[in-house]
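In the text below, chain A, chain B and the rest are named by the order of the sequence lines, each starting its count at 1.
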Number of protein chains: 2
Amino acid sequence: MAADPVSDALSDALSGLIRELGEGARLPPERELAERLGVSRTALRDRLRLLEGFGVLSRRQGSGTYVQRLAPHGLEFALDLALSASHLSIESLHSVRVALERQAAREAARKGDPVAIAHVGKALADMEAAATADDIDRADFAFHQALLHATGNAALTFFADAMTGVLFRAVRQRRDRLKNHPRDKEVSVAAHRPLYEALLARDEDAAGRASDDHFRAWHDLFTEPRMERP
Amino acid sequence: MAADPVSDALSDALSGLIRELGEGARLPPERELAERLGVSRTALRDRLRLLEGFGVLSRRQGSGTYVQRLAPHGLEFALDLALSASHLSIESLHSVRVALERQAAREAARKGDPVAIAHVGKALADMEAAATADDIDRADFAFHQALLHATGNAALTFFADAMTGVLFRAVRQRRDRLKNHPRDKEVSVAAHRPLYEALLARDEDAAGRASDDHFRAWHDLFTEPRMERP
DNA sequence: TTCGGTCAAGTGGTACGACCAATCTGCCTG
DNA sequence: CAGGCAGATTGGTCGTACCACTTGACCGAA
């Protein structure tokens with residue numbers, strides 16, 4: 001029965017400290033904090049490193065250690081590693097992404113503030129004005145990013161942010177390898193517009209359906225390399 | 001432009017090593033590995049600690065450091081901390097949970113293997129036979145756990161596992177405080193049975209709807225303390 | 001032979017102390 | 001007042017020593 005490698009007395013003490021201090025607050029210097037907690041600087045730094053990795057602490061040499069809002073970079077790194085080590089498949093990750101995006105579409109339609117929804121429209125306009133495949137990719141990325149942040153849902157954006165970069169890189173890599181799928185602008189715009197219109201109409205169910213349709217098309221294109229129709 | 005606190009040359013070297021060695025493999029001893037990578041044991045341990053926190057490494061004193069399948073404990077810890085530090089709300093976390101569970105329901109209905117689905121049925125039967133509120137809770141927990149694992153989707157179970165414990169604790173705590181919501185057995189069973197039947201029928205859409213209904217009821221009960229009906 | 005304990009080597013965990021590198025502060029200079 | 005320079009502060013790395021736990025080999029008794 002091994003002890004939890006991530007939760008012990010020292011970690012709990014630090015967790016409590018983080019809870020007390022607010023977001024953005026600075027922790028005492030390591031040397032001082034170590035003495036106060038009755039532990040060596042080595043052991044303290046070990047736990048601080050963990051919390052930094054989780055994205056709840058930010059350390060800057062010469063400055064100090066600060067409490068920050070939960071950041072997704074650590075999770076993103078872990079997912080990337082797990083993906084490349086074959087502990088996770090692109091398909092399973094994508095499945096999670098689809099689920100989150102549908103939820104985001106529904107919440108954005110229900111309670112998204114107009115300004116944030118306008119950003120979604122802006123991304124769609126950029127997509128229509130895109131000149132290169134890279135431009136389309138960027139607009140596509142911005143569209144989904146704007147949709148997620150329109151929900152104002154911190155957990156949703158946290159998870160989605162962690163996955164977005166990983167999937168984006170993995171998909172582009174696979175697409176380059178297959179040489180197909182040339183990112184037709186009209187197709188891309190057509191795939192995103194219904195969702196945006198559902199947001200404007202504040203129609204939660206329509207937004208959910210549009211999201212499902214969007215990813216269904218994406219999935220079909222991705223898994224069926226052939227371009228012709230019977 | 002601060003350097004990424006989670007990805008540097010040393011971390012990348014370790015990532016590569018983890019990719020090469022398979023799951024379950026043992027890494028070289030820290031002293032040896034540090035020398036081979038031309039770095040002190042301190043710096044090496046710093047990065048190993050990160051990877052252990054992310055759940056891709058497991059270290060056992062006296063034994064060694066091993067590559068393991070991505071484990072959710074670190075993420076769970078981070079979510080728990082973010083929740084108690086008010087960087088994340090229960091509602092937003094629950095929203096993610098709902099999205100994942102619906103996706104799981106659909107995938108389990110589509111491709112879940114019969115044995116795994118039988119485990120879902122077993123949990124439902126346990127719920128019907130439950131004698132205490134705790135028994136109901138346990139069966140409830142097992143039901144959703146079985147559903148998730150029936151998908152065979154690693155990413156889905158990873159995220160869901162990380163959230164389950166956090167939400168379970170948070171909800172029970174809130175429920176205890178409110179003193180309402182006495183966990184009626186008939187209600188619980190009725191809330192879960194349609195989903196199980198959709199799985200048996202391999203009806204993906206029905207499973208998705210049943211999941212939505214389940215959590216809608218859950219949400220209503222949770223946010224509306226009053227028990228009477230108009 | 002088989003079981004049990006003992007012991008030594010190996011491995012991760014912690015502790016100090018020293019120094020390096022980036023940052024911040026405040027004083028000084030122009 | 002503006003700019004820069006120097007010292008103090010703070011996180012990052014290093015090396016060494018020692019502790020705690022695991023493992024496996026060895027030995028002796030049943």
N/O (side chain, T65(A)) to phosphate O (OP1/OP2, dG11(D)) under 4.0 Å: yes
Test of ring centre spacing under 6.0 Å for H149(A) and H119(A): no
Side-chain donor/acceptor of R31(B) to base of dG12(C), under 3.5 Å: yes
Minimum-distance nucleotide (side-chain atoms of P29(A) versus dT13(D), dG12(C), dT10(D)): dT10(D)
Touch class at under 4.0 angstrom, heavy-atom based, for S63(B) against every strand present: sugar-phosphate
Integer-rounded Å distance: dT11(C) P and L33(B) CG: 12 Å
Euclidean distance, atom CG of residue L44(A) to atom P of dT14(C) [Å, nearest integer]: 11 Å
Listed nucleotide nearest any side-chain atom of S40(A), set dA15(C), dC21(D), dC14(D): dA15(C)
Interatomic distance, L51(A) CG vs dG11(D) P [rounded to whole Å]: 14 Å
Nearest-angstrom distance from the residue atom CG of L27(B) to C1' of dG12(C): 13 Å
R26(B) side chain, from C-beta outward: closest of dT11(C), dC19(C), dA15(C): dT11(C)
Options dG15(D), dG12(D), dG12(C), nucleotide nearest the side-chain atoms of R41(B): dG12(C)
Nearest-Å distance for atom pair CZ/P, residues R49(A) and dG11(D): 14 Å
Gap between atoms CG and C1', on D46(A) and dT13(D) respectively (whole Å): 15 Å
Parallel, tilted or perpendicular: rings of F54(B) and F77(A) (30°, 60°): tilted
R19(B) side chain to S84(A) side chain, donor-acceptor N/O pair below 3.5 angstrom: yes
Closest to side chain of R59(B), choosing from dG12(C), dG12(D), dT13(D): dG12(C)
Pair D140(A)-M127(A), side-chain contact (heavy atoms from CB on, under 4.5 Å): steps then yes or no: CA-CA 7 Å; D140(A) 194 335; M127(A) 196 181 299; 4.3 Å; yes
Result of checking R45(A), E52(A), R47(A) against R49(B) for side chain to side chain contact (heavy atoms under 4.5 Å, CB included): R47(A)
Minimum-distance nucleotide to A43(B) side chain [options: dA15(C), dT13(D), dG12(C)]: dT13(D)
E30(A) CD - dG12(D) P separation (whole Å): 6 Å
dG11(D) OP1/OP2 closer than 4.0 Å to side-chain N/O of R45(A): no
Between dT11(C) (P) and E35(B) (CD): distance, integer Å: 13 Å
